[in-house]
Structure formats: C-alpha cells, structure tokens
Amino acid sequence: PYTTPLAASLPPTWTLAQVHLSSSYTGWGTSNLQKDAAELSKCVAYFRGIKTGKIVLMGHSTGCQDIIEYLTGTGHASRAKIDGGILQGPVSDRQAIEGGLDPALYAGSCETAKAMVEAGDGDEILPSKTMKSFFGPAPVSAKRWLSLASPDHDGDDDFFSSDLSDERFMKTFGALPRDIPLCVLHSGSDEYVDPKMDKDGLIRKWIEVAKNGEGRIDEVHSGVLEGATHNLKGASEEVMAGLVKKVLGFLERLQGAQANL
C-alpha cells in the first residue's frame with residue numbers, strides 16, 4: 001500500500017519501479033532466493049542500461065531476504081551493482097510458523113518435508129494438510145518449506161530469526177559490502193511477529209554485527225515504525241508518512257553524503 005505515496009513523495013531525481021519476479025504471488029512457494037537474486041540482477045542491469053544514477057532495492061517481507069541474498073549469497077560478486085538496500089518487514093518465517101501452527105503440526109510438516117527431500121522429491125508440493133495452508137493459496141514445495149521453517153535453524157531463508165547465533169548473523173549482516181548501506185524498517189504491530197519481541201534490540205544487534213564486518217546500516221533512519229502492520233495495510237496517514245520520511249531520509253543521505261552513513 002505504500003508504493004503510491006512513496007512514489008508521489010520522491011524527489012524528481014528518483015524513480016520508483018516495481019518489478020514482478022517469477023516468484024511473485026502464488027509462485028513464491030516454489031521458488032528460492034538464488035533464483036530471485038538472479039532475476040533481480042537482470043532487472044538492475046536493465047535499468048543501468050537506460051538510466052544514470054544510483055539504484056536502491058527496497059524489499060518487503062521475502063524481498064528483505066532477497067536483498068540479503070543479493071548482497072551476500074553465493075555468486076553475489078557477479079550480480080549487477082546496486083547502491084543501497086531497504087528492508088521493510090524483515091520477518092522470520094520460521095518464528096511466525098512456530099507461533100502460528102500447533103507444535104505437533106509444525107513438527108509433522110517438517111518431518112514430511114524432510115522425508116520428501118531425502119526421497120528426491122524436494123521440488124514436489126507439500127500437502128496442504130501438513131501445514132494447514134499456513135501461507136494461504138500459494139503451493140509450497142518441501143524444499144522451500146524447510147528453507148523457511150527448518151527446526152535446525154539452518155534454512156536458506158532463515159536470516160531474521162531473533163534466536164540465531166552471532167555466527168549465523170555474521171554470514172549475512174556481517175558479510176554486507178562496505179559500500180552498499182542498508183536501511184532496516186521493522187513494523188511495530190507486525191501481525192507475524194511475537195508482540196513481546198524486542199524489535200529495536202534486534203535491529204541494534206544487526207547494526208553491531210554489520211559493524212563487526214564491513215557493512216553499514218543507517219542508524220538514523222533504521223528503526224521500528226510504531227503502529228505499522230506487516231505491509232502497512234490499513235495504516236494511518238501518520239504511520240504511512242513515517243515510512244516515507246525514513247525512506248526519503250535514507251535516499252537523501254545516500255545521494256549526498258554516503259560516506260557519513
């Protein structure tokens with residue numbers, strides 16, 4: 001919902017383009033982050049060919065994982081260069097699943113998915129009854145389910161869980177490129193996050209991990225958007241304006257004083 005007010009608020013030096021990947025909509029559960037990153041790289045390369053200036057990727061939900069994968073995953077050095085990234089709603093799918101599914105159902109779904117992967121059927125669709133259609137109408141492969149929900153905390157999509165070790169975070173936030181800063185925006189009333197979770201504390205942890213590596217997270221404009229839902233659906237004008245203000249602030253610093261981020 002925020003793309004329209006954001007586009008309307010951007011200064012004339014910026015343009016907003018919303019890309020649709022093959023994983024968009026119901027394709028999400030049968031894709032993977034590597035495929036998303038490869039397609040995003042083609043999009044960035046395309047825009048590099050028709051425009052000049054900086055390019056920033058802004059991702060929502062799984063789009064946040066896509067940006068981390070883009071910058072730190074296998075083959076990241078060969079991807080088209082971006083100048084910054086904005087993570088909006090960086091939620092842990094595993095912790096959302098753990099909190100939303102009956103424990104026995106969660107354990108059973110992971111066992112079924114593991115058995116399918118071990119049998120060579122990882123790309124087949126996980127029966128909806130095993131996960132109670134947790135992700136709505138989108139079919140989810142056994143491999144993608146484990147990537148999201150692995151109880152071993154080693155899923156390919158598991159970047160943002162609050163219980164991950166510092167060693168795991170060093171492979172993502174700690175491996176960010178020094179010259180590509182991030183802005184991290186958590187939603188204060190995110191329906192997929194335990195309300196008891198210290199979102200501010202988690203962001204501060206990511207900032208420190210990035211500092212221990214070579215990465216940079218904008219400490220001024222990153223933070224929690226109080227009152228915001230996961231994708232800001234139904235957000236008040238005040239909440240929506242808060243997101244736009246933080247994004248514009250990040251872009252302004254990126255444009256004019258990148259070295260001071």
Side-chain angles (χ1 to χ4, degrees), residues 23-36 59-66 68-69 73 87-173 186-203 205-206 224 228-234:
S23 62
S24 295
Y25 306 111
T26 55
W28 167 83
T30 53
S31 189
N32 59 69
L33 299 183
Q34 277 280 309
K35 186 176 181 181
D36 286 354
H60 161 68
S61 201
T62 300
C64 299
Q65 277 101 324
D66 282 338
I68 297 293
E69 181 70 25
L87 312 184
Q88 187 277 307
V91 169
S92 163
D93 292 284
R94 172 171 56 80
Q95 290 182 317
I97 292 168
E98 289 174 340
L101 281 184
D102 176 89
L105 195 61
Y106 167 63
S109 67
C110 292
E111 289 173 6
T112 300
K114 284 182 179 179
M116 291 174 66
V117 170
E118 289 170 359
D121 297 325
D123 292 324
E124 301 301 320
I125 303 303
L126 190 67
S128 59
K129 64 181 180 180
T130 65
M131 55 179 177
K132 215 170 184 178
S133 299
F134 187 83
F135 290 108
V140 181
S141 69
K143 190 182 297 181
R144 188 71 193 250
W145 182 259
L146 286 181
S147 180
L148 299 164
S150 173
D152 299 324
H153 300 191
D154 60 355
D156 291 342
D157 284 70
D158 199 351
F159 293 163
F160 306 127
S161 297
S162 60
D163 56 5
L164 292 178
S165 66
D166 288 348
E167 182 181 3
R168 282 277 293 177
F169 280 136
M170 280 302 296
K171 294 179 180 179
T172 53
F173 288 97
H186 236 307
S187 293
S189 299
D190 197 310
E191 59 270 34
Y192 300 109
V193 179
D194 185 341
K196 298 177 184 177
M197 182 179 292
D198 180 6
K199 303 180 187 74
D200 272 315
L202 189 56
I203 291 175
K205 183 170 187 175
W206 294 339
V224 178
T229 56
H230 185 49
N231 69 355
L232 275 75
K233 182 179 181 180

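A donor-acceptor contact closer than 3.5 angstrom is absent between the side chains of Arg168 and His153. Ser109 and Thr130 form no side-chain donor-acceptor contact under 3.5 Å, judged by distance and modelled atom types alone. Between the side chains of Asp36 and Ser23, at least one donor N or O sits under 3.5 Å from an acceptor N or O.
Smallest separation of non-hydrogen atoms from Ser141 and Gly122: CB-O, 3.6 Å.
Here the rule is side-chain hydrogen bond (donor to acceptor under 3.5 Å, both in side chains) with Gln65, and of Thr172, Asp157, Asp93 only Asp93 fits it.
Between Arg94 and Asp163, at least one side-chain nitrogen of the basic residue sits less than 4.0 Å from a carboxylate oxygen of the acidic one, meeting the salt-bridge criterion.
Contact of the Ile97 side chain with the Phe135 side chain is registered, since non-hydrogen atoms from C-beta on lie closer than 4.5 Å. Residues Asp66 and Ile68 have side chains not in contact (no heavy-atom distance under 4.5 Å, counting atoms from C-beta outward). Using a 4.5 Å heavy-atom threshold, the side chains of Glu124 and Pro139 count as separate. The shortest distance between side-chain heavy atoms of Asp156 and Glu69 does not fall below 4.5 Å.
Remark: Lys205 NZ is packed, more than 12 non-hydrogen atoms of other residues, nucleotides or ligands lying under 6.0 Å away.
Asp152 contributes atom CG, which lies 10.5 Å from atom CG of Asp158 (distance to the nearest 0.5 angstrom). Atom-to-atom distance recorded for Thr62:OG1 and Leu33:CG is 7.5 Å, nearest 0.5 angstrom.
Ring geometry, His230 versus His60: the interplanar angle falls from 30° to 60°, so the pair is classed tilted. Under the 30°/60° scheme for interplanar angles, the aromatic rings of Trp206 and Phe169 are found to stand perpendicular.
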